[in-house]
Amino acid sequence: MANLTEDFFFKEQSSLFVIAASLQNISAIIINIFLICIYLTCKELRLSSSHTMFASLAFVDMSTSTCFLYKIAIQPFVNPPSDVLGQLYCRLIFSTYVMWGFISSSWFHIVIITFDRYIAVVYPLSYKEFSSKKRLHHSQIFAAYIIGFAEYS
């Protein structure tokens with residue numbers, strides 16, 4: 001599968017595709033930054049574990065859009081150096097590892113949020129006790145990042 005995704009990014013893209021994809025990713029970055037700012041400025045939202053998961057999802061989606069924007073609009077013009085930093089750049093950024101790691105993390109965030117919503121609907125009386133365990137939710141978010149990046153490696 002890695003060859004198919006690599007081939008997609010190495011093919012020469014039409015200008016219309018590059019412009020449309022760039023505009024879509026720029027708007028996704030702006031919207032997700034807006035959501036993160038709302039989360040950070042409103043104390044009531046920071047107290048809710050569900051909103052914390054949504055803010056983490058917004059960060060992952062913003063990072064995915066940033067990586068994709070870089071791949072489509074900026075990377076064709078970058079010539080990496082041949083030193084150690086160039087090797088690191090080629091192995092992490094140029095290889096789409098970071099972008100697919102964020103995409104996988106986004107999927108796992110959605111699974112965690114779905115599980116959280118399931119508990120809230122099926123067990124509404126005990127959900128308040130479940131959602132008050134911040135350490136559990138933070139470990140789930142951390143696991144979504146780790147598993148997402150480990151899955152693609």
What is the minimum heavy-atom distance between Lys71 and Met99, and which atoms define it? CG-SD, 4.3 Å

CG/Asp116 to NE2/His109 distance, rounded to the nearest 0.5 angstrom? 12.5 Å

Listed partners of Tyr39 passing side chain to side chain contact (heavy atoms under 4.5 Å, CB included), at least two apart: Leu45, Arg46, His51, Thr52, Ala55

On a heavy-atom basis, which atom in Val18 and which in Ala73 lie closest, and how many Å separate them? CG1-CA, 4.5 Å

To which residues is Leu35 joined in a hydrophobic cluster, defined by side-chain heavy-atom contacts under 4.5 Å among Ile, Leu, Val, Met, Phe, Trp and Tyr, whether direct or through other members? Ile31

Can you tell which of Ser56, Ser105, Ser104 makes a side chain to side chain donor-acceptor pair (under 3.5 Å) with Tyr145? Ser56

Could you tell me the separation between the CZ atom of Phe17 and the CD1 atom of Ile72, rounded to the nearest 0.5 Å? 4.5 Å

Interatomic spacing from CZ in Phe54 to CD1 in Ile36 - rounded to 0.5 Å: 14.0 Å

Return the CD1 to CH2 distance between Ile112 and Trp107, rounded to the nearest 0.5 Å. 15.0 Å

Single-linkage hydrophobic cluster, 4.5 Å side-chain cutoff, Ile119 and Val122 together: yes

Listing request: all side-chain hydrogen bond (donor to acceptor under 3.5 Å, both in side chains) pairs with a residue in residues 57-68, at least two apart in sequence or in separate chains. Asp61-Ser106

The side-chain hydrogen bond (donor to acceptor under 3.5 Å, both in side chains) partners of Tyr123 (sequence neighbours excluded) come to none

Considering only Ile, Leu, Val, Met, Phe, Trp and Tyr, and joining two whenever side-chain heavy atoms are under 4.5 Å apart, list the other residues clustered with Val84. none

Considering all heavy atoms of both residues, which atom of Phe102 and which atom of Cys67 are nearest to each other, and what is their separation? CD1-SG, 3.9 Å

Remaining members of hydrophobic cluster (4.5 Å side-chain criterion), Phe108: Ile147

List for me each residue that meets side chain to side chain contact (heavy atoms under 4.5 Å, CB included) alongside Phe142, sequence neighbours excluded, and say none if there are none. Ile146

Using the test ring-ring contact (aromatic ring centres under 6.0 Å, His included), find all partners of Tyr127 that sit at least two apart in sequence or belong to another chain. none

Contacts of Ile19 that satisfy side chain to side chain contact (heavy atoms under 4.5 Å, CB included) - sequence neighbours left out: Leu23

Inter-residue atom distance Ile113.CD1 - Ser49.OG, 0.5 Å rounding: 10.5 Å

Partner set under side-chain hydrogen bond (donor to acceptor under 3.5 Å, both in side chains) for Ser22, not counting sequence neighbours: none

Taking the hydrophobic residues Ile, Leu, Val, Met, Phe, Trp and Tyr, and joining any pair whose side-chain heavy atoms are under 4.5 Å apart, which ones share a cluster with Val111? none

Quick one: pull up CD1 in Ile141 and CG in Leu57 and give me the separation to the nearest 0.5 Å. 9.5 Å

